[in-house]
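The figures that follow rest on heavy atoms only: side chains count, while hydrogens, waters and symmetry mates do not. Counting from 1, the numbers follow the sequence of the chain as shown.
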Amino acid sequence: MKNVVLIGMPGVGKSTLGVLLAKALGYRFLDTDLVIQAQEGRLLREIIDQEGIDGFLAIESRACAQLQADRSVIATGGSVIYEPEAMAHLKTLGPVIYLKLGRNALAKRLGSLKKRGVVLRPGQTFKDLYQERAPLYQQYADITVDCGGQDIPHALALTLQRLREAEK
């Protein structure tokens, strides 16, 4: 396994779980949101404010489509699934794991969506966003890990188990 790619809604724990998964596998950890911020010299919310949603998605797509990694756990931004070119490239890097969590549980975890740099179109609610994205995450996933009712250690154990099963 060259890499592991994590996808899912904002607040599901891609970065938190990703760091622990990388440690367990002896891999590096890479967060595409941080890659984008470093390349652009701006925070995600600043990019969205200045470039608009479509501009941000183009930047995210380009960064993810050009990403090179080896023996890394890659945590992606929640909106990467809107960009087929980026997702096609990420799927070549390694198995894509959808970290799934119910809408109500996610809503409890999330603070201000705007401060987090979440791609939310005018008038779109969190419920709308969840219903729009969930099928896309499922479409791109090689493995789905349901994180509902799981604390981080159990979600990590479940993710490692699913990876081992997929390798067989």
Side-chain angles (χ1 to χ4, degrees), residues 1-101 105-107 109-121 126 129-130 132-134 136-137 140-145 147 151-153 155-156 159-160 163:
M1 180 172 33
K2 299 182 290 187
N3 300 286
V4 176
V5 179
L6 303 177
I7 62 172
M9 286 291 290
V12 74
K14 296 179 300 284
S15 295
T16 302
L17 186 68
V19 167
L20 297 173
L21 183 60
K23 199 179 269 193
L25 295 172
Y27 283 16
R28 284 183 225 99
F29 175 72
L30 186 61
D31 186 318
T32 63
D33 285 348
L34 297 178
V35 169
I36 292 165
Q37 288 182 164
Q39 287 176 354
E40 292 295 311
R42 301 178 275 176
L43 298 174
L44 298 181
R45 69 175 181 266
E46 293 172 337
I47 298 169
I48 293 168
D49 288 346
Q50 295 166 8
E51 308 293 333
I53 290 171
D54 292 332
F56 171 78
L57 290 174
I59 290 167
E60 180 180 47
S61 180
R62 185 173 57 249
C64 290
Q66 296 171 353
L67 194 66
Q68 297 300 314
D70 186 47
R71 295 180 50 83
S72 297
V73 173
I74 303 163
T76 63
S79 56
V80 72
I81 42 85
Y82 292 131
E83 303 300 328
E85 181 185 350
M87 286 307 304
H89 176 69
L90 290 170
K91 286 182 78 65
T92 69
L93 297 179
V96 174
I97 300 176
Y98 169 28
L99 299 180
K100 182 178 180 179
L101 189 61
L106 279 169
R109 288 187 186 185
L110 290 169
S112 167
L113 296 180
K114 187 167 176 62
K115 286 182 183 174
R116 285 186 70 109
V118 174
V119 172
L120 198 62
R121 299 221 179 255
F126 181 69
L129 186 72
Y130 186 89
E132 178 179 275
R133 289 185 179 185
L136 294 170
Y137 294 130
Y140 286 114
D142 297 308
I143 299 167
T144 298
V145 175
C147 298
D151 59 14
I152 291 293
L156 174 62
T159 303
L160 288 165
L163 276 170

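Of the inter-residue distances, the one linking Leu20 atom CG with Thr159 atom OG1 reads 10.0 Å to the nearest 0.5 angstrom. Here the straight-line distance linking atom CG of Leu160 with atom CG of Leu17 works out to 8.0 Å at 0.5 Å rounding. The line from CD1 of Ile143 to CG of Leu99 is 10.5 Å long, rounded to the nearest 0.5 Å. How far CZ of Arg121 is from CD1 of Ile53: 5.0 Å, rounded to the nearest 0.5 Å. Taking CZ of Arg133 as the start and OH of Tyr98 as the end, the distance is 11.0 Å to the nearest 0.5 Å. To the nearest 0.5 angstrom, Lys91 atom NZ is 3.5 Å from Asp142 atom CG.
Under a 3.5 Å cut-off, the side chain of Gln37 and the backbone N or O of Leu44 do form a donor-acceptor pair. Lys14 contributes no side-chain N or O that, together with a main-chain N or O of Val5, makes up a donor-acceptor pair within less than 3.5 Å. Judged by distance alone, the side chain of Lys23 and the main-chain N or O of Phe29 form no donor-acceptor pair under 3.5 Å.
The two atoms that bring Tyr27 and Arg71 nearest to each other are CB-O, 3.1 Å, heavy atoms only. Heavy-atom minimum distance, Ala141 versus Ile7: N-CD1, 4.5 Å. Taking both residues in full, the closest heavy atoms of Cys64 and Ala86 are given as CB-CB, 3.8 Å, listed atom of the first, atom of the second, then distance. Among all heavy-atom pairs drawn from Leu101 and Tyr130, the shortest one is O-OH, 2.9 Å. Summarising the geometry of Asn3 relative to Ala69, their closest heavy-atom pair is ND2-O, 3.2 Å, with the distance given to 0.1 Å.
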Assess whether side chain to side chain contact (heavy atoms under 4.5 Å, CB included) is satisfied between Leu163 and Leu25, documenting all intermediate values. CA-CA 11 Å; Leu163 276 170; Leu25 295 172; 4.3 Å; yes
Intermediate values then yes/no, side chain to side chain contact (heavy atoms under 4.5 Å, CB included), Leu57 and Glu83: CA-CA 7 Å; Leu57 290 174; Glu83 303 300 328; 3.2 Å; yes
Does Gln39 form a side chain to side chain contact (heavy atoms under 4.5 Å, CB included) with Ile59? I'd like the steps, not just the answer. CA-CA 10 Å; Gln39 287 176 354; Ile59 290 167; 5.8 Å; no
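Contact annotation: the side chain of Leu106 never approaches that of Lys100 to less than 4.5 Å [non-hydrogen atoms, C-beta and beyond]. Ile81 is listed as a side-chain neighbour of Met87, based on a closest heavy-atom distance under 4.5 Å. Counting heavy atoms from C-beta outward, Glu40 and Phe56 have side chains that stay 4.5 Å or more apart.
The neighbour count for Glu85 CD, taken as heavy atoms of other residues, nucleotides or ligands under 6.0 Å away, does not exceed 12.
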Please list, one pair per line, the donor and acceptor atoms closer than 3.5 Å that link side chains of residues 72-80 to other protein atoms, with sequence neighbours excluded.
unit_1	atom_1	unit_2	atom_2	d
Ser72	OG	Asp70	O	3.2
Thr76	OG1	Leu6	O	2.8
Ser79	OG	Glu60	OE1	2.7
Ser79	OG	Glu60	OE2	3.2

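Between Arg42 and Glu51 a salt bridge is recorded (basic side-chain N to carboxylate O distance below 4.0 Å).
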